[in-house]
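Only heavy atoms go into these numbers, but all of them, side chains included; no hydrogens, no water, no symmetry mates. Numbers restart at 1 for each chain; the letters A, B, ... are given by sequence-line order, proteins then strands. None of these values were measured; they are calculated from a predicted model.
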Amino acid sequence: MAIVIIGNPNVGKSAVLNRLSGSNILVSNYPGTSTEISANPVKIGKKEITIFDTPGIYSIFSEGEEQKAIRDLFEREEIDLILNIVDASNLERNLVLSYELMDLALPVLMLLNQIDRARALGIRINEKLLSELLKIPVIPFSATTGEGLQEVWEIMESSSPEKKDKAIKEEGQRNKENLSRGKKPLQECSLNELRMGQCNGHCALCSIPADTCMSYADWRRVEKARTTADMVSSSLGERQRILLEKTQAFFDSSLLGTPVLLLLAYLAFVLLLKFVAISEGPITALLEPLNQTIESFLSNILPPGMLNTILSKAVPEGLIIPFSIIMPAMLMVACIMSLLEDSGLLPRYSVALERAGSFFGISGEAIIPLSLGFGCRTPAIMASRIMPTASQRFIVITLLSIVVPCAATLGILASVIAAFQASLPVIAGTMFAVLMLMGFILSRLMPREDAFIYELPPLRFPLWSNVGKKVKMRFSGFFTEVLPLLLIMSIAVRALLESGFLEIFRTMEAFTRFLFGIPAEAFIAVLVTIFQRYLAPLVLLNLDLTPREATIAISMIALSLPCLPAMVMTVREIGWSGLTKILGLGFLTSCSVGIMLNLIL
Amino acid sequence: MEEVTAMTINDMKPGQSARILKLNRGLQAGRRLFEMGLVPGARVKLVSRHPFKGPVLLQIANTQIALGRKMANSVEIEIQE
Ligand SMILES: Nc1nc2c(ncn2[C@@H]2O[C@H](COP(=O)(O)OP(=O)(O)O)[C@@H](O)[C@H]2O)c(=O)[nH]1
Ligand SMILES: [Mg+2]
């Protein structure tokens, strides 16, 4: 049996699936989180069921990669049931898609999700009446509390694909064929609509392609959604709702909201740096005995020689540095991002910064992938799908790859800056200047279309269980990715240092000194960024640099190439040619930064 | 109230409500407006306008929608008190 979950963005589709299957799919409070269709095998009773989670859409008939992917899914798979997830607090808008789904003549089961939140907001929905009006089963549901889960399971268990009516099946087949050709069922055009201004001309009367304008059928569904929603819902004022509305009104007023949002962002950043600085000492002190134990243990059991020197230094280093420097940064970033996300504040930055974004040639949505990049760039690159056009995506991925430091990079940069007394203002200033310049140039090369439209999710009080889950999900990468990679690479770096291989680069000394004002080994560190940017400082820590040399080298490292996982993701998202361009740009940026700083400082 | 002066969302003041009359044709983004519930007949309320020609914030039923000025300019409305 195959079930497909469909619903508007951000209604809780992934959260519902997590409830149904007990799996862990990323859930977040802004549109555009799940950008791909995933197939999830679930066992309910004796039944094997495949549940497809899909990206949020407003209309299956629209143009766009997500819509096309969903239409292809209907084409490819024999779907037995559509699980339509609806946000109970926003029925009118959600019902438009529901009416489209019902036109497909496949069985539809509607979940009134977030019923807990709707109730807290004082919204009441008569689900019996709704079910009668739509002629499909409707179940009040909450992915957070688990309400309604039992009923959904029962329906899934009892509904059998074989019993499907033959006539219905045939009609469904016809509609599926319409879908795959990108045609809307029920498409009509009347002179009347033209006069009323409702038709943008999908018919022979004008040349706009059908899927970019609104048809009569679309309009009918909107009307039906409006009347139905009015009939079944009622709202009563409640304390929480009034308080939330006030807070929301505050953040959404442009005069007060924007400065407060910026102040919040600044405070979060200060908090992050302070937390990293404060925690490093105690963590190192705590781990010091362990560090020494490992070191002496390794140097005792291994035969004396190069292997001994390498491992007895590299292993403790590769274990301690992640814990003392990277872990606090990742943890803090995970907490901050999860809070911003779950409260619905994050998307408000896109609106507040829309004008600023236009300077970089990107629209306000860019703030979501860019700020996610401060956590880890790999998921951020995927989130860049939220951008409306391919060229804007490229700009965002480029900025992410070259300029935005991820949490791991931030942590380790901070500690290297402290170790060499490098100049933080110069490094931060350089990064900012590069960001501005790069955005400016890229935006002139690829002008953006001015069509900003974005749905703001509601502000809500963060749910601790949600925040906790998100922090855990974000932070788990530390153990599965950062720690093993750093350990391996720290051994590799140590081996390079001890083997004397780097001596070869001594011949380049004159060259790097002249061009960038840094010793050849420091330049090697810049090249190491190809593997993992946060490894580069490891090389630096073993060198003997003046503050000036360190400032230049760190700036060059901070503005260079994306790490390996980010590169893999880039290829997946925009292909090899995109990655090649970004790598070229990154290398160029890093070298120019070195040359410029060498001249200026 | 005839089409002598066609008002658009850009002419609204914060706090004002209006009914959408028509989406100007020829606009490629028309479908996206429809998806967000900006359709003829819908009631919208202007929540706020961001300075420097920034986006405007609208309330439609229970949803908040941010709209760039260009897009806002192509939506004709009729103010309702
Ligand atoms: N209060 C409440 N919040 C929910 C519920 N379901 C989802 N959410 C929240 O709604 C947001 C969007 O969820 P997500 O599953 O990512 O939505 P998707 O985009 O439709 O997959 C997240 O912040 C969830 O924590 C629910 O039943 N109750
Ligand atoms: Mg999702």
Checklist entry - Can you name the nearest heavy-atom pair linking A:Q67 to B:E35, along with the distance? => result NE2-OE2, 3.9 Å

Checklist entry - What part of B:A72 is in contact with chain A, defined as an atom under 4.5 angstrom from a non-hydrogen atom: side chain, backbone, both or neither? => result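 Contact with chain A involves no heavy atom of B:A72 at all.
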
Next on the checklist: Need one label for B:L57: side chain, backbone, both or neither, based on atoms under 4.5 Å from any heavy atom in chain A.
Outcome noted: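 For B:L57, side-chain heavy atoms alone lie under 4.5 Å from chain A.
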
Checklist entry - Taking only residues two or more places apart in sequence, or in another chain, which ones meet A:E92 in a salt bridge (charged side-chain N to carboxylate O under 4.0 Å, His left out)? => result A:R226

Checklist entry - Of all residues at least two apart in sequence or in a different chain, which pass the salt bridge (charged side-chain N to carboxylate O under 4.0 Å, His left out) check with A:K68? => result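 Listed in chain order: A:D72.
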
Checklist entry - Taking every heavy-atom pair that is under 4.5 Å apart, which of B:T63, B:I65, B:V47 has the most such pairs with chain A? => result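 The residue among B:T63, B:I65, B:V47 with the greatest pair count is B:T63.
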
Next on the checklist: With a 4.5 angstrom heavy-atom cut-off, is it the side chain or the backbone of A:V351 that approaches chain B, or both, or neither?
Outcome noted: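 Backbone plus side chain of A:V351, per the 4.5 Å heavy-atom cut-off to chain B.
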
Item to check | Under 4.5 Å from any heavy atom of chain B - which part of A:S89 | outcome: backbone

Next on the checklist: Rounded at 0.5 Å granularity, tell me how far CD1 in A:I453 sits from NZ in B:K70.
Outcome noted: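 Those atoms lie 15.0 Å apart.
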
